[in-house]
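Reminder, nothing fancy here: chain letters follow the sequence lines and each chain counts from 1.
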Amino acid sequence: LERSTSSFSYSSYHTLDEIYSWIDNLVTEYSDIVSKIHIGNSFENRSILVLKFSTGGSQRPAIWIDTGIHSREWITHATGIWIAKKIVSEYGKDCILTDTLKAMDIFIELVTNPDGFAFTHSMNRLWRKNKSSRPGIFCIGVDLNRNWKSGFGGNGSNNNPCSETYRGPFPQSEPEVAAIVDFITVHGNFKALISIHSYSQMLMYPYGHSLEPVLNQKELYDLAQEAVKALRKVNGIEYIFGSISTTLYVASGITVDWAYDMGIKYAFSFELRDTGRYGFLLPASQIVPTAQETWMAIRTIMKHTLNHPY
Amino acid sequence: QMNFTGDQVLRILAKDEKELSLLRDLEGLKPQKVDFWRGPARPSLPVDMRVPFSELRDVKAYLDSHGLAYNIMIKDIQVLLDEEREAMAKSRR
């Protein structure tokens with residue numbers, strides 16, 4: 001296994017074991033700013049881990065970032081790893097990041113669907129859902145981004161267990177979702193949530209389950225516009241942006257709708273690049289450019305969250 | 001590891017809502033065969049779907065018969081998967 005985070009190859013894809021080993025190295029090497037929190041276990045009993053970046057204080061306002069909820073979207077885990085390393089490397093140098101970490105904590109869940117991710121390495125590279133199974137149900141897996149309480153069971157999710165967008169038997173039925181719900185609810189002071197998917201180059205905000213604009217729609221629209229501008233400056237990649245239901249499609253039971261209804265005003269969903277050719281099979285050579293541009297957009301959202309306390 | 005030799009990803013630009021619903025129907029016609037990588041959402045957005053090699057002829061005939069223009073975004077998925085796997089092995093070495 002990799003010996004340290006500096007010898008780790010950030011421009012390659014990695015297995016679950018390699019990522020979990022890298023997490024341990026990161027926490028060891030940067031123990032003054034990073035810790036590892038075990039927030040639960042997946043359906044197949046794998047650990048669900050969250051990285052906490054903090055410079056002190058208690059119950060500080062916080063920012064949540066998750067990657068890999070759909071396991072075949074390998075570019076998202078790889079982007080999350082690169083961003084985690086960027087945070088520890090840039091703290092004390094990048095003024096926006098440093099100011100953010102002086103006042104807020106950042107939590108990153110790199111592998112939100114560990115069972116599905118392990119399965120993409122062992123059996124089916126194109127697997128999307130988790131691996132839960134229930135007596136009497138012929139097909140395996142629930143789409144974890146349809147299992148949240150907000151708008152659960154509405155249009156844009158499916159009640160057929162064999163569908164790729166199967167919502168599950170009831171809201172938060174899946175341990176991978178329940179673990180996040182419990183953690184964020186108990187913490188109670190999250191101010192922004194960013195859920196990273198791929199692909200199709202979009203930056204979106206609630207709602208997905210309804211065409212109704214959210215209360216601070218104008219603020220989110222302007223912030224998304226500023227974020228995609230910062231992203232485009234890096235490599236010229238164009239993103240479209242807007243609410244999920246008006247930009248992409250109606251989708252129910254999704255992470256960012258739940259977060260918004262929990263009072264997290266700055267809730268965003270990224271659909272990272274595919275450059276129009278590779279879909280989920282983005283070549284590893286595009287990991288670092290993708291992460292660099294995504295970081296600039298996330299940094300923009302962080303700065304806004306820091307400067308607009310609520 | 002499942003093998004995806006010969007599977008293709010077709011990119012379809014539906015002109016209107018009617019064409020989008022024809023694509024949605026396809027999912028019902030070919031349950032668990034057609035895998036939408038980008039689902040039918042709105043006319044301005046492309047629809048990408050992975051089609052197993054065994055279903056290619058039927059699906060392309062369906063698209064042609066309904067006048068749905070498409071192009072082949074990925075000609076053989078397994079080729080990209082093999083490259084990805086080789087890149088990971090190389091990085092590990």
Side-chain angles (χ1 to χ4, degrees), chain A residues 1-2 7-15 17-18 70 72-75 78 119-128 138-139 156 158 160-165 197-202 240 242 244-251 271 274-287, chain B residues 1-14 17 20-21 23-24 26-53 71-93:
Chain A
L1 291 179
E2 307 285 344
S7 65
F8 184 87
S9 169
Y10 294 90
S11 54
S12 306
Y13 292 114
H14 292 272
T15 63
D17 287 348
E18 287 167 347
H70 290 143
R72 62 184 172 185
E73 300 169 8
W74 280 15
I75 183 60
F119 197 57
T120 60
H121 283 272
S122 64
M123 288 291 289
N124 180 347
R125 168 69 179 79
L126 297 177
W127 187 260
R128 165 186 165 99
F138 171 65
C139 288
N158 203 311
N160 171 1
C162 297
S163 162
E164 290 291 0
T165 55
H197 294 245
S198 79
Y199 64 94
S200 55
Q201 292 160 212
M202 296 175 179
I240 59 175
I244 292 165
S245 56
T246 59
T247 308
L248 186 51
Y249 43 43
V250 170
E271 293 284 350
D274 61 303
T275 56
R277 279 196 55 205
Y278 297 102
F280 298 119
L281 306 182
L282 195 71
S285 57
Q286 293 197 34
I287 292 174
Chain B
Q1 268 290 354
M2 272 179 70
N3 190 290
F4 296 91
T5 298
D7 288 18
Q8 293 189 340
V9 177
L10 306 181
R11 170 160 285 189
I12 302 112
L13 286 170
E17 200 46 55
L20 283 171
S21 62
L23 291 169
R24 292 189 189 103
L26 197 51
E27 190 170 21
L29 292 172
K30 296 279 181 185
Q32 289 178 269
K33 294 286 185 195
V34 166
D35 171 16
F36 282 116
W37 281 19
R38 287 183 72 162
R42 56 189 65 247
S44 57
L45 296 176
V47 175
D48 295 346
M49 65 181 177
R50 175 178 66 86
V51 181
F53 178 68
N71 66 49
I72 299 174
M73 179 172 128
I74 297 179
K75 201 163 179 303
D76 186 331
I77 285 186
Q78 194 57 41
V79 169
L80 284 187
L81 292 183
D82 293 344
E83 287 170 8
E84 185 176 77
R85 192 161 285 279
E86 173 48 34
M88 283 180 71
K90 198 168 141 207
S91 144
R92 236 178 248 130
R93 281 196 294 273

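- A donor-acceptor contact shorter than 3.5 Å links the side chain of B:Arg42 to the backbone of A:Leu248.
- Side-chain contact between A:Asn158 and B:Glu27 is absent, with no heavy-atom pair separated by less than 4.5 Å.
- B:Ile77 has its side chain within reach of A:Leu126: a pair of non-hydrogen atoms, C-beta onward, lies under 4.5 Å apart.
- Across B:Glu84, B:Met2, B:Gln78, a single residue satisfies side-chain contact (heavy atoms from CB on, under 4.5 Å) together with A:Arg125, and that is B:Glu84.
- Interface residue A:Ser245: only backbone heavy atoms are found under 4.5 Å from chain B.
- Contacts with chain B were tallied for A:Ser285, A:Ser200, A:Ser12; A:Ser200 has the most, counting heavy-atom pairs under 4.5 Å.
- No part of A:Ser11 comes within reach of chain B, as not one of its non-hydrogen atoms sits under 4.5 angstrom from that chain.
- Put simply, OG on B:Ser91 and OH on A:Tyr10 are 12.0 Å apart, with the number rounded to the nearest 0.5 Å.
- Under the 4.5 Å side-chain criterion, counting only non-hydrogen atoms from C-beta, A:Leu281 is not in contact with B:Glu83.
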Can you list the steps and then say if B:Phe36 with A:Thr165 is a side chain to side chain contact (heavy atoms under 4.5 Å, CB included)?
-> CA-CA 10 Å; B:Phe36 282 116; A:Thr165 55; over 6 Å; no

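- Your options are A:Tyr13, A:Phe119, A:Tyr278, A:Phe280, and the one with the most heavy-atom pairs under 4.5 Å with chain B is A:Phe280.
- By the 4.5 Å heavy-atom criterion applied to side chains, B:Leu45 and A:Tyr249 are not counted as neighbours.
- For the set A:Arg72, A:Arg128, A:Glu164, the entry with the most heavy-atom pairs within less than 4.5 Å of chain B is A:Arg72.
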Carefully, step by step, assess B:Arg38 and A:Glu271 under the rule side chain to side chain contact (heavy atoms under 4.5 Å, CB included).
-> CA-CA 11 Å; B:Arg38 287 183 72 162; A:Glu271 293 284 350; over 6 Å; no

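- In terms of heavy-atom proximity, A:His121 sits nearest to B:Met88 at CE1-CE, 3.5 Å.
- For A:Asp274, the part sitting under 4.5 Å from any heavy atom of chain B is the side chain, from C-beta outward, and nothing else.
- Residue B:Asp35 touches chain A through its side chain alone, counting heavy-atom pairs closer than 4.5 Å.
- The structure places CZ of A:Arg277 at 9.5 Å from CE of B:Met73, a figure rounded to the nearest 0.5 Å.
- Side-chain contact between B:Arg92 and A:Thr15 is present, with heavy atoms from C-beta onward closer than 4.5 Å.
- Environment of NZ in B:Lys30: crowded, with over 12 heavy atoms of neighbouring residues, nucleotides or ligands closer than 6.0 Å.
- The candidate with the highest count of non-hydrogen atom pairs below 4.5 Å against chain B, out of A:Ser122, A:Gly279, A:Ala284, is A:Ser122.
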